[in-house]
Amino acid sequence: MTRKPTHMDRALAQARAAAERGEVPVGAVIVARDGAVVAEAGNRTRELNDPTAHAEVLAIRAACDALGQERLVDHDLYVTLEPCPMCAGAISFARIRRLYYGASDPKSGGVAQGARVYAHPQCHHVPEVYDGLAAADSEDLLKTFFASKRGEA
């Protein structure tokens with residue numbers, strides 16, 4: 001029996017595509033309440049010479065553009081790595097309903113690690129957060145990518 005692809009599988013595909021472009025392999029997918037994929041993206045910071053071109057931000061921008069609105073109420077975000085503080089803030093500003101992420105990020109995370117953006121009283125919207133989805137696959141992608149950059153692979 002074959003397993004039905006999930007939204008996290010799509011996020012992982014975006015992360016793999018980012019790695020092939022020489023970007024840190026992070027992928028994101030935004031899904032409507034009915035399960036329809038509204039937008040998906042992978043990191044493009046190097047390609048676009050834009051430090052804000054993280055997968056989450058690009059996916060949020062694309063979804064808002066596609067829907068003609070600045071808020072994504074009733075939408076969920078699947079991302080392969082715990083969002084950094086910048087992305088966690090963007091997720092809050094976009095009013096994302098649920099955040100699902102794969103690998104935790106002890107170095108740069110902003111949700112469960114480090115800044116813990118959603119724990120601050122200044123945070124006006126806190127999405128439901130679910131971590132650890134396809135964490136091993138996400139971690140493997142990142143480890144392989146960085147090992148290749150260090151010449152270990």
Side-chain angles (χ1 to χ4, degrees), residues 7-32 36-120 122-127 129-131 133-135 137-153:
H7 297 302
M8 203 59 171
D9 291 330
R10 289 182 79 144
L12 284 162
Q14 287 292 326
R16 287 185 198 95
E20 289 171 12
R21 292 189 304 271
E23 302 278 358
V24 174
V26 178
V29 176
I30 295 184
V31 180
V37 172
V38 178
E40 52 193 317
N43 277 357
R44 291 186 181 273
T45 58
R46 291 174 182 254
E47 175 187 342
L48 299 175
N49 297 312
D50 178 357
T52 69
H54 291 198
E56 301 95 321
V57 170
L58 294 174
I60 289 169
R61 287 176 184 161
C64 288
D65 186 51
L67 298 169
Q69 58 194 44
E70 83 273 13
R71 300 264 167 87
L72 298 171
V73 178
D74 289 333
H75 288 76
D76 301 335
L77 172 66
Y78 291 79
V79 63
T80 57
L81 181 64
E82 176 184 353
C84 72
M86 175 186 71
C87 292
I91 291 162
S92 176
F93 289 135
R95 304 299 194 261
I96 298 284
R97 178 178 63 155
R98 292 185 185 124
L99 166 64
Y100 298 89
Y101 69 86
S104 63
D105 188 353
K107 182 179 175 189
S108 301
V111 176
Q113 315 283 329
R116 294 184 173 94
V117 170
Y118 304 135
H120 292 266
Q122 296 86 354
C123 183
H124 298 293
H125 170 76
V126 177
V129 177
Y130 302 91
D131 63 354
L133 274 73
D137 292 333
S138 299
E139 289 167 8
D140 288 345
L141 261 174
L142 289 159
K143 286 178 184 175
T144 300
F145 176 81
F146 286 112
S148 73
K149 293 294 181 192
R150 292 187 301 270
E152 297 172 11

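What you see is a predicted model; the values in this text were computed from it and never measured.
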Shortest non-hydrogen contact from [X] toward [Y]:
{"X": "E47", "Y": "E23", "result": "N-OE2, 2.8 Å"}
{"X": "V57", "Y": "A90", "result": "CG2-CB, 4.3 Å"}
{"X": "A88", "Y": "P83", "result": "N-CB, 4.0 Å"}
{"X": "A112", "Y": "Y101", "result": "CB-OH, 3.5 Å"}
{"X": "A28", "Y": "A59", "result": "CB-CB, 4.2 Å"}

In Å, rounded to the nearest 0.5 Å, how long is the span from [atom1] of [X] to [atom2] of [Y]?
{"X": "S108", "Y": "Q113", "atom1": "OG", "atom2": "CD", "result": "10.0 Å"}
{"X": "L58", "Y": "L48", "atom1": "CG", "atom2": "CG", "result": "6.5 Å"}
{"X": "R95", "Y": "R71", "atom1": "CZ", "atom2": "CZ", "result": "4.0 Å"}
{"X": "C87", "Y": "I96", "atom1": "SG", "atom2": "CD1", "result": "11.5 Å"}
{"X": "S104", "Y": "D131", "atom1": "OG", "atom2": "CG", "result": "7.5 Å"}
{"X": "I91", "Y": "M86", "atom1": "CD1", "atom2": "CE", "result": "10.0 Å"}

Item to check | Trace of the side chain to side chain contact (heavy atoms under 4.5 Å, CB included) decision for H75 with L67 | outcome: CA-CA 11 Å; H75 288 76; L67 298 169; 3.5 Å; yes
Mind checking whether [X] and [Y] have side chains closer than 4.5 Å, heavy atoms only?
{"X": "V26", "Y": "H54", "answer": "no"}
{"X": "R61", "Y": "T52", "answer": "yes"}
{"X": "P25", "Y": "N43", "answer": "no"}

Item to check | R46, CZ: over 12 other non-hydrogen atoms inside 6.0 angstrom | outcome: no
Next on the checklist: Using the rule given for side chain to side chain contact (heavy atoms under 4.5 Å, CB included), can you reason through F93 versus I60, listing the C-alpha separation, both sets of side-chain angles and the distance that settles it, and then say yes or no?
Outcome noted: CA-CA 10 Å; F93 289 135; I60 289 169; over 6 Å; no
Next on the checklist: Going by side chain to side chain donor-acceptor pair (under 3.5 Å), name the pairs with one or both residues in residues 76-94, residues two or more places apart or in two chains.
Outcome noted: D76-R97
Checklist entry - Are T45 and D50 close enough, and set up right, to give a side chain to side chain contact (heavy atoms under 4.5 Å, CB included), and what steps lead you there? => result CA-CA 5 Å; T45 58; D50 178 357; 5.9 Å; no
Item to check | Set of residues satisfying side chain to side chain donor-acceptor pair (under 3.5 Å) with respect to R98, sequence neighbours excluded | outcome: E128
Checklist entry - Counting distance only, does the side-chain N/O of S148 pair as donor-acceptor with the main-chain N or O of F145 below 3.5 Å? => result yes
Item to check | Derivation and outcome, side chain to side chain contact (heavy atoms under 4.5 Å, CB included), residues L81 and S138 | outcome: CA-CA 7 Å; L81 181 64; S138 299; over 6 Å; no
